[in-house]
Colleague: 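Below is one structure. I have some questions about it.
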Amino acid sequence: PHVWACHDPERGYLWPEMYGEAWRATMPHLTDSSPVWRSLYQQEPVPEGGTLIEPAWLTRTYPEDPEWVARTAERVVMGVDLAFTGRERSDHCAFVVVAVRGPWRDVLHVTRRRMAWREQVDTLRDLIDRWRIQPGSVVVERAANGDAIIAELEASVGSLRGERAAKDKATRLTPHLGTVAGALRLPARAPWRSAFVEELLAFTGSADAHDDQVDALVW
């Protein structure tokens with residue numbers, strides 16, 4: 001039989017922690033909640049290629065028109081993930097609008113594209129007006145253009161909540177996986193649906209991944 005050498009008389013227990021933070025900093029694939037970390041050290045393997053969100057979670061739909069859902073919802077909220085510019089190589093901006101209806105979280109609208117500063121401002125204002133979002137129900141990540149957008153629109157559209165990201169992306173998503181699995185619903189048909197679902201299913205938490213819509217949904 002094979003015996004794993006888990007202890008050395010001189011070096012102690014042979015766990016990764018013995019190498020310290022300097023060593024771990026050279027191992028980006030071992031960041032908390034990465035697929036490798038979860039599989040090797042947390043005994044929570046995820047499918048290769050990475051996905052924290054199961055395909056079956058995104059098949060639930062609501063039959064009503066999103067505009068009607070917005071009018072009858074207890075509350076409509078929006079998460080916003082912004083970029084600095086609209087240049088070709090810049091990140092995309094993402095806006096995700098969700099209706100709170102009893103136990104359900106119905107996604108009403110998603111916008112994702114590269115935008116210059118003025119388009120970011122106009123898009124945020126237009127979405128707040130279109131979906132009748134009340135003050136305090138828009139969360140903007142305080143990164144990139146976030147602080148500037150909040151300052152620009154504070155007087156005209158009411159209070160915007162600014163939040164700073166803490167920890168890595170997968171860790172921020174993890175507390176909400178139960179909601180995604182049990183309460184998230186999508187419209188039966190929407191032009192943005194395929195791209196939205198594709199990004200959610202491909203999400204790994206990698207720092208260089210395209211995950212603007214995931215970030216906006218988390219907010």
Side-chain angles (χ1 to χ4, degrees), residues 61-62 64-102 104-166 169 172-173 176 179-180 183-200 203 209-219:
T61 63
Y62 58 88
E64 303 95 340
D65 176 74
E67 302 280 354
W68 183 88
V69 170
R71 291 194 297 271
T72 59
E74 300 160 32
R75 189 180 183 194
V76 176
V77 298
M78 177 164 60
V80 182
D81 181 63
L82 299 174
F84 275 116
T85 71
R87 293 177 299 183
E88 182 178 350
R89 294 188 178 180
S90 67
D91 289 336
H92 290 74
C93 298
F95 305 77
V96 175
V97 182
V98 176
V100 177
R101 292 204 294 169
W104 303 114
R105 302 297 180 265
D106 294 340
V107 182
L108 303 176
H109 177 85
V110 176
T111 290
R112 177 186 182 270
R113 63 176 179 270
R114 292 186 176 91
M115 299 180 186
W117 159 257
R118 180 46 53 187
E119 187 179 4
Q120 293 180 29
V121 173
D122 292 343
T123 298
L124 184 53
R125 182 184 287 111
D126 290 346
L127 289 174
I128 290 172
D129 290 343
R130 174 185 173 184
W131 298 104
R132 302 177 180 86
I133 303 175
Q134 298 301 308
S137 296
V138 177
V139 179
V140 180
E141 182 176 355
R142 287 189 176 274
N145 280 338
D147 285 319
I149 289 282
I150 292 172
E152 174 82 8
L153 295 179
E154 186 73 25
S156 60
V157 302
S159 176
L160 302 178
R161 284 177 51 200
E163 298 284 351
R164 296 201 181 278
K169 294 173 181 288
R172 297 202 302 270
L173 170 65
H176 306 288
T179 300
V180 176
L184 194 72
R185 300 194 300 186
L186 302 175
R189 285 178 294 275
W192 46 263
R193 176 174 169 146
S194 294
F196 182 65
V197 169
E198 181 180 351
E199 183 176 302
L200 264 61
F203 179 71
H210 296 293
D211 46 27
D212 318 279
Q213 296 169 104
V214 178
D215 276 346
L217 177 63
V218 168
W219 292 127

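Numbers here simply count residues along the sequence, with the first being 1. Side chains are part of it too, since the values below use all heavy atoms of this structure and drop only hydrogens, waters and symmetry mates.
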Colleague: Roughly how far, to the nearest 0.5 Å, is CG of Leu184 from CG of Leu200?
Modeller: 7.5 Å
Colleague: Are Leu82 and Phe95 close enough, and set up right, to give a side chain to side chain contact (heavy atoms under 4.5 Å, CB included), and what steps lead you there?
Modeller: CA-CA 8 Å; Leu82 299 174; Phe95 305 77; 3.8 Å; yes
Colleague: Decide yes or no for Thr123 and Arg113: does some side-chain heavy atom of the first lie under 4.5 Å from some side-chain heavy atom of the second?
Modeller: yes
Colleague: Drop me the distance from Gln120's CD to Cys93's SG, to the nearest 0.5 angstrom.
Modeller: 3.5 Å
Colleague: Under 3.5 Å, side chain of Gln134 to main-chain N/O of Arg75, donor-acceptor pair present?
Modeller: no
Colleague: Indicate the atoms forming the closest heavy-atom contact of Arg185 with Asp106, along with that distance.
Modeller: NE-OD1, 2.8 Å
Colleague: If you define the side chain from C-beta out and look only at heavy atoms, does anything of Lys169 sit under 4.5 Å from Phe203?
Modeller: yes
Colleague: Determine whether Val107 and Trp192 satisfy the following criterion, side chain to side chain contact (heavy atoms under 4.5 Å, CB included), listing intermediate values before the conclusion.
Modeller: CA-CA 11 Å; Val107 182; Trp192 46 263; 3.6 Å; yes
Colleague: What are the two closest non-hydrogen atoms of Leu108 and Pro66, and how far apart are they?
Modeller: CD2-O, 3.7 Å
Colleague: Let me see the working for Arg193 and Thr61 under side chain to side chain contact (heavy atoms under 4.5 Å, CB included), right down to the final yes or no.
Modeller: CA-CA 11 Å; Arg193 176 174 169 146; Thr61 63; 3.2 Å; yes
Colleague: Going by heavy atoms in the side chains, are Trp131 and Met78 under 4.5 Å from each other?
Modeller: no
Colleague: Search all heavy atoms of Ser137 against all heavy atoms of Val76 and return the closest pair with its distance.
Modeller: CB-O, 3.5 Å
Colleague: Taking atom CZ as the centre, does Arg118 end up with more than 12 heavy-atom neighbours from other residues, nucleotides or ligands that are less than 6.0 angstrom away?
Modeller: yes
Colleague: Measure the OH-CZ distance between Tyr62 and Arg101 for me, rounded to the nearest 0.5 Å.
Modeller: 7.5 Å
Colleague: State whether the side chain of Arg112 and the backbone N or O of His92 hold a donor-acceptor pair below 3.5 Å, judged by distance alone.
Modeller: no
Colleague: Calculate, to the nearest 0.5 Å, the distance between atoms CZ and CD belonging to Arg132 and Glu67 respectively.
Modeller: 7.0 Å
Colleague: Could you tell me if the side chain of Val77 sits less than 4.5 Å from the side chain of Ile133, heavy atoms only?
Modeller: no
Colleague: Is it true that a side-chain atom of Glu141 and a backbone atom of Asp81 form a donor plus acceptor pair closer than 3.5 Å?
Modeller: no
Colleague: Side chains of Thr179 and Arg105: donor-acceptor distance under 3.5 Å anywhere?
Modeller: no
Colleague: In plain terms, say whether Glu119 and Arg114 are close enough for a salt bridge, that is, a side-chain N and a carboxylate O under 4.0 Å apart.
Modeller: no
Colleague: Is there side-chain contact between Val138 and Leu127, with at least one heavy-atom pair below 4.5 Å?
Modeller: no
Colleague: CZ/Arg172 to CH2/Trp219 distance, rounded to the nearest 0.5 angstrom?
Modeller: 5.5 Å
Colleague: Measuring from Asp129:CG to Leu124:CG, what's the distance to the nearest 0.5 Å?
Modeller: 9.5 Å
Colleague: If we ignore hydrogens and angles and just use 3.5 Å, is the side chain of Gln213 paired with the main-chain N or O of Ala94 as donor and acceptor?
Modeller: no
